[in-house]
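Accompanying notes for the structure given below.
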Amino acid sequence: MNTVLVGAQWGDEGKGKVIDFLTEESDVVVRFQGGSNAGHTVVVGDKKYVLHLVPSGILHEGKHCVIGNGVVMDPFDLMKELDQVESWGFPLKGRFHISERAQMVMQWHRALDKAEEAARPDGEKIGTTGRGIGPAYAAKVGRYGMRVGDILKPNFPELVRKQVGDANRKLKALGAHELDADEMVNLYLPMVPALMPYVTDTIQFLHESLEADKSLLFEGAQATMLDIDFGTYPFVTSSNPTAGGACTGSGVSPRAIDRVIGVLKLYTTRVGEGPFPTELFDADGETLRTRGGEFGATTGRPRRCGWFDAVVARFARRVNGIDYWAMTKLDVLDEFPVVKICTGYRRKDGFVYTTFPADLDALAQCEPVYEELPGWQCPTSHITDYAELPENAKKYINRILDIIGGKLGVLSVGPARETTLRINI
Ligand code: GDP
Ligand code: IMO
Ligand code: MG
């Protein structure tokens, strides 16, 4: 059984937690896009682990974890994270693999990310994580990127000097600090011995795993509405976090994928700039942020919070082909007397969008259309059996499923590993 797991909203749906849960029944966990802009949290006992580049399956001994060709990998961030994972007591040797085809995020990409963001006027800022993601993907598509395999080649210093020279011209034009090419060469070369043992042909590894009937689990980072094609462009990330990205970002064919799971927070959050139709600016928004602990796992920024948006979720089901939902953070809604579901966006002329419009100017003119349901106003975090959920919580979930389609596979009622209910999967 090969599974693709994607975020169905604007990120931070709880993908890390659900990946950790599904790793039990998988053999290999694969990241296929994004980079250290991701922050995936797994809570085990009283310990909280946040992973950025390393797949969230790493906390299960013996499972293989792969950084696929579609990822942009910052060797600094990776080395730091590998040290951290080993210090937590999870050995990596022999079970962690990096594609030699993956692109690298270099210091100059990070510098460009920050300089480009600073140069954008208000209203056009993206609110990036500053991890160099956009410039690294721009380099990849522009065909001047640096792949992991390049760091192992004898001409690596010349490549660095050429790239730093090109980046410096851009940085200068943006009025930003330029970088010293020799300093960069000396910064990266010492990392080679530590990186080398993990670099491999992951396409070969994944296909051998498939031939041996192993189960692959693809761990999406970011989410559908941050997708470069399907998201709220240009307020998006620079990759395809949607299900198709799992194939292009790993070298595994769509024919090998058996199911797609969408992770869906039972309200909505977004971090960074860009449209968010159900955003709340009142006490309810503050309650969601506080109860949900909605602060970025990567940047610590407070997340914007709002009601559940069924337009977004249905759109996500369509573009990803979601079979099952992993619904998370039900418990965060426990105290609300009323819960709301957005079913459409109403334009001033009365027209209601029931699918996400491409035109953000048109969207900005819209008001969300809400259905209101009674809350359940009792705790749910201790519940281990779906049947024991309060009736109003079941009604809320079922109404959402009516509107968006798909089946409920997993329900999460708290941050800890044990607070995960297997429903229908
Ligand atoms: P990801 O990026 O999709 O992996 O999500 P993040 O880790 O950035 O954010 C999800 C946050 O919600 C983390 O702090 C998780 O520990 C927490 N979390 C996940 N599921 C639940 C849940 O069902 N209830 C509560 N209260 N917290 C949850
Ligand atoms: P996980 O995997 C939430 C957002 C940034 C910004 C936009 C572009 O933890 O769900 P980038 O640095 O990628 O160029 O920033 O995308 N963003 C995320 N928001 N969760 C994430 O990852 C995100 N990764 C990027 O805030 O708005
Ligand atoms: Mg996150």
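One-based numbering, in listed order, for ligands and for the atoms of each. As the structure is a computational prediction, the values presented were derived from the model and not from experiment. As a basis for the values below, the full set of heavy atoms in this structure was taken, side chains included, without hydrogen atoms, waters or symmetry mates.
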Quick one: does [X] get an N or O within less than 3.5 Å of an N or O on ligand 1?
| X | value |
| --- | --- |
| Gly414 | yes |
| Gly16 | yes |
| Val332 | no |

Give yes if a backbone or side-chain nitrogen or oxygen of [X] is under 3.5 Å from a nitrogen or oxygen of ligand 2, and no if not.
| X | answer |
| --- | --- |
| Asn37 | yes |
| Thr237 | yes |
| Asp113 | no |
| Gly11 | no |
| Asp12 | yes |

Proximity of His40 to ligand 2 by residue part, where a heavy atom lies under 4.0 Å: side chain

Residue part near ligand 2, for Leu226, under 4.0 Å between non-hydrogen atoms: side chain

Determine, for [X] against [Y], whether the closest basic-nitrogen to carboxylate-oxygen distance falls under 4.0 angstrom.
| X | Y | result |
| --- | --- | --- |
| Glu335 | Arg291 | yes |
| Lys63 | Glu25 | no |
| Lys125 | Glu273 | no |
| Lys407 | Asp323 | no |
| Asp12 | Arg303 | yes |
| Glu294 | Lys329 | yes |

Ligand 1 contacted by Arg303 (non-hydrogen, < 4.0 Å): yes

From the candidates Gln33, Glu273, Glu117, Gln222, the one that places a heavy atom nearest atom 25 (C) of ligand 2: Gln222

The one among Gly127, Gly130, Gly134, Ala221 that brings a heavy atom closest to atom 6 (C) of ligand 2: Gly127

Heavy-atom gap Lys15 to ligand 2 smaller than 4.0 Å: yes

Val236 to ligand 2, any heavy atom closer than 4.0 Å: yes

Asp12: its N/O/S atom lying closest to the Mg ion (ligand 3) (atom name): OD1

Per-residue contact class, Lys17 against ligand 1 - non-hydrogen pairs under 4.0 Å: side chain

Part of Asp331 with heavy atoms under 4.0 Å of ligand 1, whether side chain, backbone, both or neither: side chain

Polar contact flag, side-chain donor to acceptor under 3.5 angstrom, Asp334-Gln377: no

Residue pair Tyr345 / Asp309, side-chain donor-acceptor N/O under 3.5 Å: yes

Donor-acceptor pair, side chain of Asp385 and main chain of Glu388, under 3.5 angstrom: no

Contacting atoms of ligand 2, where contact means under 4.0 angstrom from a heavy atom of Arg301: 5 (C), 26 (O)

Residue Trp10 vicinity, atoms of ligand 2 by number, heavy atom under 4.0 Å: 3 (C), 19 (N)

Heavy-atom nearest neighbour in the protein, as seen from atom 12 (O) of ligand 2, with distance rounded to 0.1 Å: Thr129 OG1, 2.6 Å

His40 and its side chain to side chain donor-acceptor pair (under 3.5 Å) partner, picked from Lys17, His52, Arg31, Glu219: Glu219

Gly11 near the Mg ion (ligand 3) via N/O/S, less than 2.8 Å: no

